[in-house]
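One structure is given below, encoded as structure tokens.
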Amino acid sequence: MEMADTPLSAVRDRIAGACRIARREQADVTLIAVSKTQPADAIERLLADGQRHFGENRVQEAQAKWPDLRARHPDVTLHLVGQLQSNKAEEAVRLFDCIHSLDRPSLVTALARAFDRAGRQLPCFVQVNIGEEPQKGGCAIADLPSLLAEARTAAIPLAGLMCVPPEGIEPAPFFAFLDKLARDNGLEGRSMGMSGDFETAIMLAATHVRVGTALFGARR
Ligand SMILES: *Cc1c(COP(=O)(O)O)cnc(C)c1O
């Protein structure tokens, strides 16, 4: 048996183990390395080991780091996993390949316009405030059907649903609920699971896990 000798190979092994238990194909789970606050050299180490999906949570920070990295690695897929202000939508659409934080009607409008201007369409996950926490991003569970309808009317390509469950309590019920919401709404993707809980998320049908600390160490 091969030893896990880097954090990346350890995380890949854990994903493979969770997929085996869940009787799922590993190819159906995309590992997004969340590189927010991490310098380019730390990102280059993962690129050298074959990692190709990365996540950032701020447009400005990504704008500073990624044009150079992308020039060297044109096959990277860059995911926006943080809140998006409507006035940054066009910049985001030019820089990222996938948006995980569509959470309100005004952003549907802004993204539709940005797609037109940039001449490209990005798959979007609708973020759901699954724990109904007042301070958290994501659309209210009750507003999900109308937001999805507006996104469909605006021809936004819908990749699926995304959530960040409340901290400090068992995440499984929240992942199971997001899975049900995705199924009820005919959506394929489930962006859920972070360093502390990605195996649980995979058991509950995650298609995209967003892992930072377990790959890069603590954020600075
Ligand atoms: C930072 C972040 C992650 C990664 O968190 P870790 O606990 O470091 O794995 C995942 N998703 C979102 C939305 C984040 O902001």
Side-chain angles (χ1 to χ4, degrees), residues 4 6-15 17-18 29-40 42-43 45-46 49 51-66 76-85 88 92 95-104 107 122-139 159-172 174-175 177-179 181-182 189-220:
T6 65
L8 177 60
S9 54
V11 167
R12 283 176 175 159
D13 285 354
R14 288 170 60 190
I15 290 173
V29 179
T30 299
L31 170 61
I32 300 171
V34 178
S35 51
K36 65 190 186 203
T37 79
Q38 302 297 340
I43 296 171
R45 278 196 287 279
L46 262 65
D49 286 336
Q51 176 64 27
R52 284 299 177 271
H53 288 262
F54 289 85
E56 292 282 348
N57 70 336
R58 286 162 184 267
V59 176
Q60 248 178 333
E61 181 186 340
Q63 188 71 64
K65 287 193 308 206
W66 279 96
V76 156
T77 300
L78 198 56
H79 300 257
L80 177 64
V81 301
Q83 280 215 340
L84 177 57
Q85 292 172 278
K88 299 243 174 75
L95 182 63
F96 288 91
D97 304 297
C98 181
I99 308 270
H100 290 243
S101 49
L102 174 53
D103 64 354
R104 59 194 189 278
L107 194 52
L122 309 190
C124 295
F125 287 85
V126 171
Q127 182 175 354
V128 181
N129 187 351
I130 202 77
E132 312 212 271
E133 297 171 280
Q135 78 286 7
K136 260 218 186 123
C139 88
L161 300 181
M162 178 273 208
C163 74
V164 180
E167 263 177 63
I169 55 173
E170 171 58 47
F174 298 99
F175 293 150
F177 190 31
L178 195 81
D179 176 46
L181 289 172
R190 287 110 165 106
S191 170
M192 56 188 197
M194 316 195 333
S195 290
D197 54 23
F198 65 84
E199 287 149 304
T200 303
I202 290 168
M203 305 292 176
L204 293 163
T207 60
H208 295 69
V209 294
R210 310 177 310 267
V211 179
T213 315
L215 292 170
F216 291 102
R219 278 182 283 278
R220 40 214 86 188

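Order of listing sets the numbers, starting from 1, for every ligand and every atom in it. Values below: every heavy atom of this structure, side chains too, minus hydrogens, waters and symmetry copies.
The number of heavy-atom neighbours closer than 6.0 Å to CZ of R12, taken from other residues, nucleotides and ligands shown, is above 12.
Given atom 9 (O) of ligand 1, the protein heavy atom at minimum distance is S195 OG, 2.5 Å. Nearest to atom 10 (C) of ligand 1 among the protein's heavy atoms is M194 SD, 3.3 Å. Scanning the protein for heavy atoms near atom 8 (O) of ligand 1, the closest one is T213 OG1, 2.5 Å. Among all protein heavy atoms, the one lying closest to atom 15 (O) of ligand 1 is K36 NZ, 2.6 Å. Counting protein heavy atoms only, atom 13 (C) of ligand 1 is closest to V81 O, 3.3 Å.
Using a 30° and 60° split on the angle between ring planes, H100 and F125 fall in the parallel class, below 30°.
In terms of heavy atoms, D49 sits closest to L8 at CB-CD2, 3.6 Å. The nearest pair of heavy atoms linking A92 to V59 is CB-CG2, 4.1 Å.
Neither the backbone nor the side chain of H100 comes within contact range of ligand 1; no heavy atom lies under 4.0 Å.
Looking at Q51, its side chain does come within 3.5 Å of a backbone N or O of H53 through a donor-acceptor pair. In this structure a side-chain-to-backbone donor-acceptor pair under 3.5 Å is missing from Q38 to I43.
Less than 4.0 angstrom separates some heavy atom of R210 from each of these atoms of ligand 1: 4 (C), 9 (O), 10 (C), 11 (N), 12 (C), 13 (C).
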